[in-house]
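Working notes, beginning with the structure itself.
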Amino acid sequence: MLTIKQIRDNSDLVIARLAVKGTQAQDIIKEIIALDDSRKSTQAELDGNLAEQNVLAKEIGALLKQGKKDEAEVAKQKTAACKELSKQLEGKLTDIEAELNAKLVQLPNLPHTSVPQGRSAEDNQLVREGGSKPQLSVKQPHWDLAKQYDIIDFELGVKLTGAGFPVYKGQGAKLQRALISFFIDENTAAGYTEVQPPLMVNEASGFGTGQLPDKEGQMYHVGIDNFYLIPTAEVPVTNIFRDVILNESELPVRLTAYTPCFRREAGSYGKDVRGLNRLHQFDKVEIVQIAHPDVSYDALEGMVAHVESLVKKLELPYRILRLCGGDMSFTSALTYDFEVYSAAQERWLEVSSVSNFESFQANRLKLRYRGEDKKPQLAHTLNGSSLALPRIVAALLENNQTAEGIRVPKALQAYTGFEMIK
RNA sequence: GGUGAGGUGGGUGAGUGGCUGAAACCAGCAGUUUGCUAAACUGCCGUACGGGUAACUGUACCGGGGGUUCGAAUCCCCCCCUCACCGCCA
């Protein structure tokens, strides 16, 4: 969430920036500032009142010590009115703060100045394209290939669990492990430290990264213990730093984690969710950075370049998009999407989303660093997929299909131990 | 699942009603001494929200919430969490 200070100090700028995301914030910001004003004045009144009580209490203590019982009794009488007033003010303050907070959490993050205006995916900006689309003589979609080579069994997953929980078999299973290892090795070589976090998180963690309280419907919930299955490694990994004050010298923090991801994701249908295109459980390797605010955009560019190098090594045709205001997530300030071309479906599939959240998540997490002036400041958080497996697999299968089998890209062969899926 | 113990500042850990926002030690920061390193010594060393140009200052916070009291880290109630041992188990 945005900080009150951001809003107060630059309210016109905040309104202008939020308009890029399609949020008309003029009224709510006026309300927020008004609420904050009354919060301040109420607190001042309450503080003064409590100070008076504290003084009286000390006096009473001193009087009792001196044995002046009667005088103490008189002083006690005086505290009654004070206490009553404090109680009222406390209630008022709580109400104001709740109202203020309810308004604050409604505001999305400010988009970066480079974010193009726009409403939907149509308005996203093409940053660059790479690789070349293959010329296929036969064009089987990956769900047919999966069946033909018996590497992914969607029906079996339905039997075991339900739709969206595929079973990978044989070379298909090996390909999964190969991709995971390949991505983690590449990420650690680029300076990211590997972590293996829990796959379930508690409520506090869900709140820290913004899944709760609004988006709980998108997560699987283990009711008996009140845990949530993680929708992405971003949740546990970023929450490592919840309520943490880092030393400036520790920045940037770079972490990578492989985890399965679980998403309930009701809604879509048809070819969008066919095969590997959208699953309830899928594998993903994530990269996370905690960066100094001055250099977080350099860090973002670095992450984009790194993810690009992975897609290149996999020899996949790709493009990088800068998301427009309307297509960005609530929490992001700037997001680059990576899409790979899936040659049989003849469509672009999103495989990575790399974002700078600036201090928006850090403010929720209370993730700070201590700079030279010793004062804790909110850090910037960034994350990106590096990479999500299913759609990479879909594109690999479709783009590399030949009459002899499916060719495995060179970079992966050391990990798969085979050059062809047959 | 059973039984017991406990949650205090970055860490260890004192503190059973006012002198405690909190001892002491460790870590950290700054400095002095020293030929260097090490050691020793001195000082500083929580967070949030207010007020003040600033020095400084008010309030809150000892797992969370409520209560008793003029006054609560300390007493009472509820909740959460952690640890140990036993049982079960990868």
Side-chain angles (χ1 to χ4, degrees), chain A residues 1-9 32-104 196 198-208 212-213 221-228 236 239-251 253 260 290 359 362-379:
Chain A
M1 55 202 267
L2 299 174
T3 63
I4 282 275
K5 193 166 158 46
Q6 272 175 301
I7 293 168
R8 290 199 81 112
D9 291 356
I32 284 172
I33 291 175
L35 278 168
D36 192 45
D37 284 339
S38 68
R39 192 204 100 236
K40 282 189 193 181
S41 62
T42 306
Q43 199 197 324
E45 204 182 335
L46 174 62
D47 284 357
N49 206 54
L50 288 172
E52 200 176 321
Q53 274 173 237
N54 288 341
V55 169
L56 282 171
K58 282 208 170 110
E59 283 174 10
I60 291 167
L63 288 171
L64 286 175
K65 217 164 232 175
Q66 295 163 28
K68 298 178 178 169
K69 263 199 160 167
D70 296 344
E71 287 178 49
E73 280 308 315
V74 174
K76 278 190 193 180
Q77 302 304 317
K78 282 204 286 189
T79 63
C82 239
K83 279 176 80 171
E84 182 53 37
L85 182 58
S86 289
K87 206 163 197 177
Q88 274 179 31
L89 289 171
E90 250 164 45
K92 187 178 167 191
L93 189 62
T94 307
D95 291 348
I96 290 170
E97 280 174 346
E99 207 180 326
L100 180 58
N101 199 49
K103 297 233 188 286
L104 277 174
Q196 265 192 35
L199 306 183
M200 291 191 246
V201 293
N202 57 27
E203 270 185 332
S205 294
F207 180 82
L212 297 175
H221 183 223
V222 183
I224 194 164
D225 290 308
N226 198 23
F227 293 151
Y228 293 87
N239 271 283
I240 292 173
F241 300 95
R242 169 157 47 86
D243 295 322
V244 166
I245 302 178
L246 292 161
N247 212 305
E248 190 172 6
S249 61
E250 295 173 84
L251 299 177
V253 174
I290 320 278
S359 61
N363 189 32
R364 276 192 164 217
L365 291 160
K366 298 287 167 263
L367 193 194
R368 290 162 292 174
Y369 72 94
R370 207 183 291 277
E372 280 195 2
D373 57 356
K374 304 280 180 199
K375 247 199 87 168
Q377 310 273 348
L378 293 174

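In what follows, chains carry the letters A, B, and so on, assigned in the order in which the sequence lines appear, proteins first and then strands, with residues in each chain numbered from 1.
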Applying a 4.0 Å non-hydrogen cut-off, can you work out what A:A75 is touching in the nucleic acid: base, sugar-phosphate, or nothing? nothing
Whole Å only: how far is the NZ atom of A:K58 from the C1' atom of B:C70? 13 Å
According to a strict under-4.0 Å criterion, is A:N54 in side-chain N/O contact with OP1 or OP2 of B:U59? yes
Find the partner of B:A22: check Watson-Crick (N1-N3 plus N6-O4 or O6-N4) and G-U wobble (N1-O2, O6-N3) distances, both under 3.5 Å, and reply none if neither fits. none
Mapping A:K65 and A:T79 to their closest nucleotides on RNA chain B, which lands nearer the 5' end? A:K65
According to the Watson-Crick and G-U wobble definitions, with both distances under 3.5 Å, which nucleotide is paired to B:G35? none
Between atom CD1 of A:I32 and atom CG of A:L104, what is the distance when rounded to the nearest 0.5 Å? 4.5 Å
Expressed in whole Å, how much space separates the P atoms belonging to B:A40 and B:C26? 9 Å
Once you apply a heavy-atom cut-off of 4.0 Å, does A:L46 come out as touching a base, just sugar-phosphate, or nothing? nothing
Stepwise, does the side-chain contact (heavy atoms from CB on, under 4.5 Å) test hold for A:L246 with A:L367? CA-CA 8 Å; A:L246 292 161; A:L367 193 194; 4.0 Å; yes
Could you state the interatomic distance from CG (A:L35) to CG (A:D95), rounded to the nearest 0.5 Å? 11.0 Å
Pick the P atom in B:G11 and in B:G35, then give their distance to the nearest Å. 39 Å
Is A:E250 reaching over with its side chain to a backbone N or O of A:N247, donor-acceptor style, under 3.5 angstrom? yes
With a 3.5 angstrom cut-off on both distances, give the Watson-Crick or G-U wobble partner of B:G6, or none if there isn't one. B:C81
Under a 4.0 Å N-O cut-off, is there an ion pair linking A:K76 with A:E73? yes
Suppose you measure atom C1' in B:C89 against the same atom in B:A5; what distance do you get, rounded to whole Å? 25 Å
Do side-chain atoms of A:Q6 reach the backbone of A:T3 as a donor and acceptor pair under 3.5 angstrom? yes
Euclidean distance, atom NZ of residue A:K87 to atom P of B:U69 [Å, nearest integer]: 10 Å
For nucleotides B:U8 and B:G13, find the distance between their P atoms and express it as a whole number of Å. 9 Å
Side-chain heavy atoms of A:R368 within contact of A:Q377, under 4.5 Å: no
Letter per nucleotide, 5' to 3', of nucleotides 44-54 of chain B [B base touched, S only sugar-phosphate touched, - untouched; heavy atoms, 4.0 Å]: ---SSBS----
Atom CD1 of A:I224 to atom P of B:C80: distance rounded to whole Å? 14 Å
Interatomic distance, A:N202 CG vs B:C79 P [rounded to whole Å]: 20 Å
From CG of A:N49 over to P of B:C70, roughly how many Å is that when rounded to an integer? 16 Å
Which nucleotide, if any, forms a Watson-Crick or G-U wobble pair with B:U16, using both distances under 3.5 Å? none
Without decimals, in angstroms, what is the distance between A:D243 CG and B:G9 C1'? 14 Å
Test side-chain contact (heavy atoms from CB on, under 4.5 Å) on A:H221 and A:N226 and set out the steps. CA-CA 7 Å; A:H221 183 223; A:N226 198 23; 2.7 Å; yes
Rounding to an integer number of Å, can you tell me how far A:E52 CD sits from B:G71 P? 14 Å
Write down the distance separating the C1' atoms in B:G51 and B:A38, rounded off to the nearest Å. 48 Å
Pick the C1' atom in B:C44 and in B:G58, then give their distance to the nearest Å. 24 Å
Suppose you measure atom P in B:G63 against the same atom in B:U74; what distance do you get, rounded to whole Å? 8 Å
Rounded to the nearest angstrom, tell me the gap between atom CG in A:L50 and atom P in B:U57. 19 Å
Could you please name the partner base of B:C49, counting Watson-Crick and G-U wobble pairs only when both distances are under 3.5 Å? B:G58
Nucleotide paired to B:A90 in any strand shown, Watson-Crick or G-U, under 3.5 Å: none
Complementary nucleotide of B:U74, counting Watson-Crick and G-U pairs under 3.5 Å: none
Both distances under 3.5 Å, Watson-Crick or G-U wobble: report the partner of B:G43, or none. B:C29
With P as the reference atom in both, quote the distance from B:G71 to B:G21 in angstrom, rounded to an integer. 16 Å
Are A:I60 and A:T79 side-chain neighbours, meaning at least one heavy-atom pair lies under 4.5 Å? yes
